[in-house]
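For ligands, and for the atoms within them, numbers begin at 1 and follow the listed sequence. Residue numbers start at 1 and run along the sequence shown.
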Amino acid sequence: MSAKPVFLYDTTLRDGTQGEGFQLSGLDKLRIAQRLDEFGIDYIEGGWPGSNPKDIEFFREAKKLKLNHAKLAAFGSTRRADTAVDKDPQVRLLLEAETPVVTIFGKSWELQVTEVLRTTVEENQAMIRDTVAHLVKHGREVIYDAEHFFDGFKDSPEHALATLKAAADGGAACLVLCDTNGGTLPSEVIEICQAVKKHLPDTPMGIHTHNDCELAVANAIAAVGVGANQIQGTVNGYGERTGNCNLTSVIPILQLKMNMAVVPHLELLRELSYFVDDVSNNPHFARAAFIGRTAFAHKGGMHVNAVQKLARSYEHIVPASVGNAQNILVSELSGQSNILVKAGELGIKLEKGSPVAGAILKRVKELEHEGYSYEAAGGSLELLIRRELGTYEKPFELKEYHTSFRQFRDGHPPVCEATVKLSVDGTPALTVAEGLGVVNALDLALRKALLPFYPEIAGVSLADYKVRILDGHDATAAKTRVLIVSTDGQSSWGTVGVSDSIIEASWIALTDGIDLFLQRK
Ligand SMILES: [Zn+2]
């Protein structure tokens, strides 16, 4: 194991999806996993293969991901009582996920063992030890999540510690203490973690907290102070009830306040936060610490004056260090880092502070004001950069499009029709197509028109389509934002459109998707 002071364990894809209003498709999960890896998260928990077939499918697909840093973890429980571990179907599915890491949870609270599991204390410990040992024997790094650990410890420290000892004896790489109900205070976390460290000094200790007392981050940080070296949490704190420990807050605290290097590019934090919001189709939480829209917004006259003289007078960190920006005097340089990174990916070296970088940023800010968001739409941002740089070649000229929707009363299924009129190098094309919906019809008509000129677009298809109505806070008036994911089977790219009309917003995102593919050819 490397000398990293604290390992980041993300469970957005598993515990996060227990939260109300946080749903992810298989494709969403793969895209988030890829981003988490790029950001420098150490462990990514992908799901519970024993709980649903969708998660089994995820692990099958996840094998195609190119993860440079993160280790993928499958989550599950200990074997059932009075069942041999190699005969337990749920444990077998954990191995079949073929992840380098397996995380299992077990019972630490005597009450849960006797009243819920209805088994003996001895059998419970055997279940933990056997399951960990079995997975270790099959070459897995095993992380043990001690469910209800703090509540269990308060009831019976001997019993709770004995369950940890069972996991350590089985060969667990880390013992993670869980505040499953979220009711523990930081002072209690410190005391109990110290007791665990004293009892089992040789096995690394981790922490998994929930936010029911608004203390999930505080409790995780408290545990680090007394020797925990793994923090489990989710991006933006998504999760059951009031949510999980918010990694989006934990990470800058570790890196900026405690001087622990946990991620290579902290300045991409805000982008990661918005990406997960956009992919899950959730609004951004403006008052979020560090990365929220208002995290460095100054309104009071005196504050503004002071902050203009000396930013440090009313700001606890440099906003750009997490990819954020001061909200009153948007300096020419702020916010450029994301653009520079993106341009770098395209093989274009932009100087920070150069006129072209400034022009790109200005355009991005104008469009963001209109309701655009580029965190999950890298394809549209790439097009914008190409346009500003002058390397963009228009692949087609749109003249007009038209859509119609006909509903019949005689049982005939509804008909959606789209007409597209465009030209390529002066050669006109006019096509009509019928589709299952307006967007589908437009997509088909556009392809039909372009196919004779660009046969390669036959391999491009729509992978995802998301619509969000923006309220008056994010934009000046209620508008529609459409996010589209296109794929050519090898890679996928996101594009975005914003308009008062859902059809026009869809059209912008749709054409950007095809346009980008042609630019890259
Ligand atoms: Zn949890």
Item to check | Charged N-O contact under 4.0 Å between R35 and E271 | outcome: yes
Checklist entry - Taking NZ, NE, NH1 and NH2 as the nitrogens, is one of them in E123 or R79 under 4.0 Å from a carboxylate oxygen of the other? => result yes
Checklist entry - So, do V116 and W109 sit near enough that their side-chain heavy atoms are less than 4.5 Å apart? => result no
Checklist entry - Any cation-pi pair here, R287 with F285, using under 6.0 Å and within 45°? => result no
Checklist outcome for this item: Any protein N, O or S atom under 2.8 Å from the Zn ion (ligand 1)? Found D15 OD2, H208 NE2, H210 NE2
Item to check | Interatomic spacing from CG in L36 to CG in L8 - rounded to 0.5 Å | outcome: 10.5 Å
Checklist entry - With distance as the sole test, does N211 use its side chain to make a donor-acceptor pair with the main-chain N or O of L215 at under 3.5 Å? => result yes
